Amino acid sequence: MHVTTDANADGPWLIAGLGNPGPEYAMNRHNVGFMVADLLAQRIGGKFKRAAKAQAQVVEGRIGAPGPASRRVILVKPMSYMNVSGGPVTALRDFYKVPTGHIVAVHDELDIDYGALRLKLGGGDNGHNGLKSMTKAMGPDYHRVRFGIGRPPGRMQVADFVLKDFASAERKELDYFVDRAADAVEALIIEGLERAQSTYNS
């Protein structure tokens, strides 16, 4: 696997899967960031535990093949509710001394077809409350892995749509798409943004 040789190869990465805490939200479209974070935690053999320094759950570990190619990562699930995600993420950024350019937000995205991915660095929040909170707390210069959920049907309100569970037809492919999003996060960290974009952006 290609390894970056620029400054992005140094220091820990903080991966924030965005969502809402509590079983009633677990399968909501808005919680796909939590789903990706949970899968990444499984892959590194860790379990989420309550953070001492923030209202969040964290797992620490390494991504990538053992040796110099691997990267230290801190997986984070803010437990503060989506619209105030920035507080816990910023507290953990400061605690672990992670540069903003080594932060990845994994989140649902309305303006992308279901299951499609887009990776980017910086930009606006596109009305996403989790991103809005993070950007207010730390500025916009963090990475995003945007997981498409599509637009609400008919006249359904956006807030209702994102807080509903994935439809039964969508759930048939959800595991595959979550797995692909986790692959994209790993590629971003190990291979760099441009190579990850060329593989996973759709």
Side-chain angles (χ1 to χ4, degrees), residues 14-42 48 54-59 75-90 92 103-140 142-185 188 197 200-202:
L14 190 154
I15 303 162
L18 301 185
N20 287 307
E24 67 270 35
Y25 299 106
M27 292 304 296
N28 286 182
R29 294 181 177 92
H30 222 19
N31 268 44
V32 74
F34 275 17
M35 298 174 197
V36 175
D38 284 336
L39 179 57
L40 287 166
Q42 287 180 30
F48 278 99
Q55 190 178 357
Q57 292 182 355
V58 296
V59 176
L75 303 176
V76 178
K77 293 195 297 185
M79 293 286 116
S80 57
Y81 290 97
M82 180 70 84
N83 61 354
V84 285
S85 301
V89 174
T90 304
L92 291 167
I103 293 173
V104 183
V106 185
H107 63 92
D108 57 303
E109 179 59 63
L110 287 159
D111 287 337
I112 303 174
D113 290 340
Y114 173 60
L117 298 174
R118 301 273 172 80
L119 284 67
K120 64 182 288 193
L121 172 63
D125 56 59
N126 203 24
H128 191 285
N129 288 332
L131 296 184
K132 195 175 296 183
S133 177
M134 285 183 59
T135 297
K136 183 178 179 182
M138 68 179 71
Y142 54 91
H143 290 85
R144 299 102 189 275
V145 174
R146 305 159 72 200
F147 186 112
I149 61 170
R151 301 294 303 184
R155 296 184 178 183
M156 183 185 291
Q157 295 294 312
V158 165
D160 294 332
F161 179 69
V162 299
L163 292 175
K164 284 190 182 302
D165 289 358
F166 284 101
S168 57
E170 293 172 327
R171 285 200 294 272
K172 293 176 182 176
E173 296 182 291
L174 182 59
D175 286 348
Y176 168 77
F177 289 139
V178 168
D179 191 72
R180 190 165 183 270
D183 290 346
V185 172
L188 167 62
Q197 285 174 324
Y200 292 98
N201 276 18
S202 53

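Quick caveat, the model's predicted, so the values are computed rather than measured. Numbers here simply count residues along the sequence, with the first being 1.
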So salt bridge (charged side-chain N to carboxylate O under 4.0 Å, His left out) across residues 110-123, not counting sequence neighbours, yields D111-R151
The ring pair (Phe, Tyr, Trp, His ring centres under 6.0 Å) partners of H107 (sequence neighbours excluded) come to H128
So CG of N201 and CG of L119: to nearest 0.5 Å the spacing works out to 5.5 Å
Which of H143, R144, M138 passes side-chain contact (heavy atoms from CB on, under 4.5 Å) with I103? It is M138
Applied to residues 22-31, the salt bridge (charged side-chain N to carboxylate O under 4.0 Å, His left out) test, sequence neighbours excluded, yields R29-E170
| Has the side chain of R171 got a donor or acceptor atom that lies under 3.5 Å from a matching backbone atom of M27? | no
### Task
Would you please test V145 and V36 for side-chain contact (heavy atoms from CB on, under 4.5 Å) and show each step?
CA-CA 10 Å; V145 174; V36 175; over 6 Å; no
Across all chains, not counting sequence neighbours, the side chain to side chain contact (heavy atoms under 4.5 Å, CB included) partners of P153 are M156, F161
Could you go through V76 and I15, starting from their C-alpha distance and side-chain angles, then the distance that decides it, and tell me whether this counts as side-chain contact (heavy atoms from CB on, under 4.5 Å)? CA-CA 6 Å; V76 178; I15 303 162; over 6 Å; no
Contacts of F166 meeting ring pair (Phe, Tyr, Trp, His ring centres under 6.0 Å) (sequence neighbours excluded), chain-then-number -> Y114
Here the pair of heavy atoms bringing L18 nearest to P78 is CD2-CG, 4.3 Å
By side chain to side chain donor-acceptor pair (under 3.5 Å), N28 pairs with (sequence neighbours left out) D165
Distance col, row L117:CG vs F147:CZ, nearest 0.5 angstrom, shows 6.5 Å
Heavy atoms of L131 and G124 approach each other most closely as CD1-O, 4.4 Å
F34 and N20 have their tightest heavy-atom pair at CE2-O, 3.4 Å
Contacts table for residues 173-180: side-chain donor-acceptor under 3.5 angstrom, sequence neighbours left out:
from: D179; atom 1: OD1; to: R43; atom 2: NH2; distance (Å): 2.8

The side chain to side chain donor-acceptor pair (under 3.5 Å) partners of E109 (sequence neighbours excluded) come to N126, R146
What one should report as the nearest heavy-atom pair of N31 and A26 is CB-O, 3.8 Å
Between side-chain atoms of residues 79-90 and protein atoms elsewhere (two or more places apart, or another chain), which donor-acceptor pairs fall under 3.5 Å?
from: S80; atom 1: OG; to: V84; atom 2: O; distance (Å): 3.1
from: S85; atom 1: OG; to: M82; atom 2: O; distance (Å): 2.7
from: T90; atom 1: OG1; to: G86; atom 2: O; distance (Å): 2.7

Of all heavy-atom pairs linking A37 and L75, the shortest is O-CD1, 3.9 Å
Sorted by chain and number, sequence neighbours left out, side chain to side chain donor-acceptor pair (under 3.5 Å) with D125 holds for none
**Report entry** Minimum side-chain heavy-atom gap P152-L110 below 4.5 Å
**Finding:** yes
